[in-house]
Amino acid sequence: MMALRFAQAVRRGQVFLEYQPIVSLTTGEPLAAEALLRWRHPRRGLIPPASFVPLVERSGYGGRLDSFVLEAAAAQARALREAGMHVPIAVNLRPRAFQDPSLPARLEQLSRRWGLTPSDLQIELTERALGDGDAPTGVITELADRGIPTALDDFGVGYSSLRRLALLPLDTVKIDRSLVDQITDSPGPRRDCEQRARVVVRAAAELGHALNLRVTAEGVETVEALDLLRDLGVDAAQGFLISRPVVASELASKLRENALSGLESHQEPRSPATMMMDTPGPPRSAEEAVGLRHLRQLPYG
């Protein structure tokens, strides 16, 4: 039933992507934009991905969900290129996708079909996707061999072996928002907790740089956190302070802005709860042209 509802939602344009810029903490220039899945239900409003993605996956439709996201992201990357911008789109895939040895070849074919370079799409995976077997390591290695960059998402909340991290040909490590929150607002003995969190973030940045990785912080919502992250050696950031997620039709103009130039020390961003109450405009996005046709055509699933 969930698979049918999701397929109908895709066909009706109710499923779409929004994009959140990732910017350099040195220059404010965009380094990428992360694709975020949205489902606007006609009665329930915006449904958070955590509420439907697991159900879609259990229904056997997870592979087609990956296909939809990849096609939509490729369409957006192509639209940015046509607008004279070379800003990669970062795409989150399900952990199970990294068990498929054909994934790198399929991504290469996707990029070629949309007239993209391999680096126009960046693939993000969580520590959970690494699992215990060798399949994800082999897939990530082949992605790197084909010039497709890979980021380790939510770093700092899992239990990745440092040895395994050193062996993986990653391009980016993304510090989880929970650590970012703690460097300025921790429970318990505040000064001690914040200080410990800052030590962890600095260590993560130093480790990433030692491995020749870009270090990005997620969930940046205050000027104080942004300044601290810069001081701690973090390279890039994303979050509501920099930009809320925007629909495809707004992305190019958002990326042309210098995200850091207008920030002032007294600026207070809206809370995540307030942001979730925003009602995005009609998608009017590149992915609407993708539709269910591509979900049926592509061999993901």
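Throughout, numbering of the chain's residues begins at 1 and tracks the sequence. These values consider heavy atoms only, across backbone and side chains, with no hydrogens, waters or symmetry-generated copies.
No donor-acceptor pair closer than 3.5 Å links the side chain of Thr27 to the backbone N or O of Ser24. Using modelled atom types, one side-chain atom of Gln20 and one backbone atom of Ser243 make a donor-acceptor pair closer than 3.5 Å. With hydrogens and angles ignored, the 3.5 Å screen pairs a side-chain donor or acceptor of Asp120 with a backbone N or O of Thr117. In terms of modelled atom types and a separation under 3.5 Å, the side chain of Asp153 and the main chain of Leu125 share no donor-acceptor contact. Distance alone, capped at 3.5 Å, is enough to place a donor-acceptor pair between the Thr141 side chain and the Thr137 backbone. Under the 3.5 Å distance criterion, the side-chain polar atoms of Arg198 are matched with a main-chain donor or acceptor of Ile183.
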task: Might you work through the side chain to side chain donor-acceptor pair (under 3.5 Å) test for Gln182 and Glu194, ending with a clear yes or no?
output: CA-CA 6 Å; Gln182 289 177 38; Glu194 289 178 0; over 6 Å; no

query: Run the side-chain contact (heavy atoms from CB on, under 4.5 Å) check on Asp100 and Val139 step by step: do they pass?
result: CA-CA 7 Å; Asp100 181 1; Val139 168; over 6 Å; no

- request: Give the intermediate values and the outcome of side-chain contact (heavy atoms from CB on, under 4.5 Å) for residues Leu107 and Leu70.
  value: CA-CA 8 Å; Leu107 286 172; Leu70 286 168; 3.6 Å; yes

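Both Ile47 and Val69 are assigned to one and the same hydrophobic cluster, defined by single-linkage of ILVMFWY side chains at heavy-atom distances under 4.5 Å. By the criterion of side-chain heavy atoms lying less than 4.5 angstrom apart, applied directly or through intervening Ile, Leu, Val, Met, Phe, Trp or Tyr residues, Leu103 is grouped together with Ile148 in one hydrophobic cluster. Leu121 is connected to Trp114 through a chain of hydrophobic side-chain contacts under 4.5 Å among Ile, Leu, Val, Met, Phe, Trp and Tyr, so both are in one cluster. A continuous path of hydrophobic side-chain contacts links Leu232 to Ile175 [ILVMFWY only; heavy atoms under 4.5 Å]. The same ILVMFWY cluster, assembled from side-chain heavy atoms under 4.5 Å apart, contains both Val180 and Leu213.
Val87 is not listed as a side-chain neighbour of Leu31, based on a closest heavy-atom distance of 4.5 Å or more. Pro42 is listed as a side-chain neighbour of Gln14, based on a closest heavy-atom distance under 4.5 Å. Considering only heavy atoms from C-beta on, Tyr19 stays 4.5 Å or farther from Glu34 through its side chain. Residues Leu46 and Trp39 have side chains not in contact (no heavy-atom distance under 4.5 Å, counting atoms from C-beta outward). Side-chain contact between Phe155 and Asp176: absent, with no pair of heavy atoms (C-beta onward) separated by less than 4.5 Å. Put simply, the side chain of Phe98 reaches to within 4.5 Å of the side chain of Ile123, judged on heavy atoms. The shortest distance between side-chain heavy atoms of Arg81 and Leu116 falls below 4.5 Å. The shortest side-chain heavy-atom distance between Leu251 and Val247 does not fall under the 4.5 Å cut-off.
One distance of note links CG of Leu255 with CD of Glu29; it measures 10.0 Å at 0.5 Å rounding. Atom-to-atom distance recorded for Leu228:CG and Thr222:OG1 is 8.0 Å, nearest 0.5 angstrom. Atom CZ in Phe52 sits 11.5 Å away from atom OG in Ser59 (nearest 0.5 Å). The CG atom of Leu170 sits 8.5 Å away from the CG atom of Leu211 when rounded to the nearest 0.5 Å. To the nearest 0.5 angstrom, Thr172 atom OG1 is 8.0 Å from Ile22 atom CD1. The distance from the CD atom of Glu142 to the CD1 atom of Ile140 is 12.0 Å, given to the nearest 0.5 Å.
Screening Val91, Val56, Val53, Asn92 against Leu37 for a side-chain contact (heavy atoms from CB on, under 4.5 Å) leaves a single residue, Val53.
With sequence neighbours left out, the salt bridge (Lys or Arg N to Asp or Glu O under 4.0 Å) criterion links Arg196 to Asp192. For Glu108, the side chain to side chain donor-acceptor pair (under 3.5 Å) partners are Arg146, not counting sequence neighbours.
Thr126 and Pro95 make their closest contact through OG1-CG, 4.4 Å (heavy atoms, listed as atom of the first residue, atom of the second, distance). Residue Pro54 comes nearest to Pro49 through the heavy atom pair CD-O, 3.8 Å, listed as atom of the first residue, atom of the second, then distance. Annotation for Pro101 and Gln99: closest pair CD-O, 3.3 Å, computed over non-hydrogen atoms. Counting all heavy atoms, side chain and backbone alike, Ala252 lies closest to Met85 at O-SD, 3.8 Å. In terms of heavy-atom proximity, Pro88 sits nearest to Ser119 at CB-O, 3.5 Å. Nearest heavy-atom pair, Ala73 versus Ile89, reported as atom, atom and distance to 0.1 Å: CB-CG2, 3.7 Å.
Using a cutoff of 4.0 Å between basic side-chain nitrogens and carboxylate oxygens, Asp154 and Lys174 are not scored as salt-bridged. Using a cut-off of 4.0 Å between Lys/Arg side-chain N and Asp/Glu carboxylate O, Arg96 and Glu57 are scored as not salt-bridged. Between Arg64 and Glu71, none of the side-chain N atoms (NZ, or NE/NH1/NH2) sits under 4.0 Å from a carboxylate O, so this pair counts as no salt bridge. Using a 4.0 Å cut-off between a side-chain N of Lys or Arg and a carboxylate O of Asp or Glu, Glu221 and Arg177 qualify as a salt bridge.
Residue pairs satisfying the side-chain hydrogen bond (donor to acceptor under 3.5 Å, both in side chains) criterion with at least one member in residues 209-220, sequence neighbours excluded, are listed as follows: His209-Asp235.
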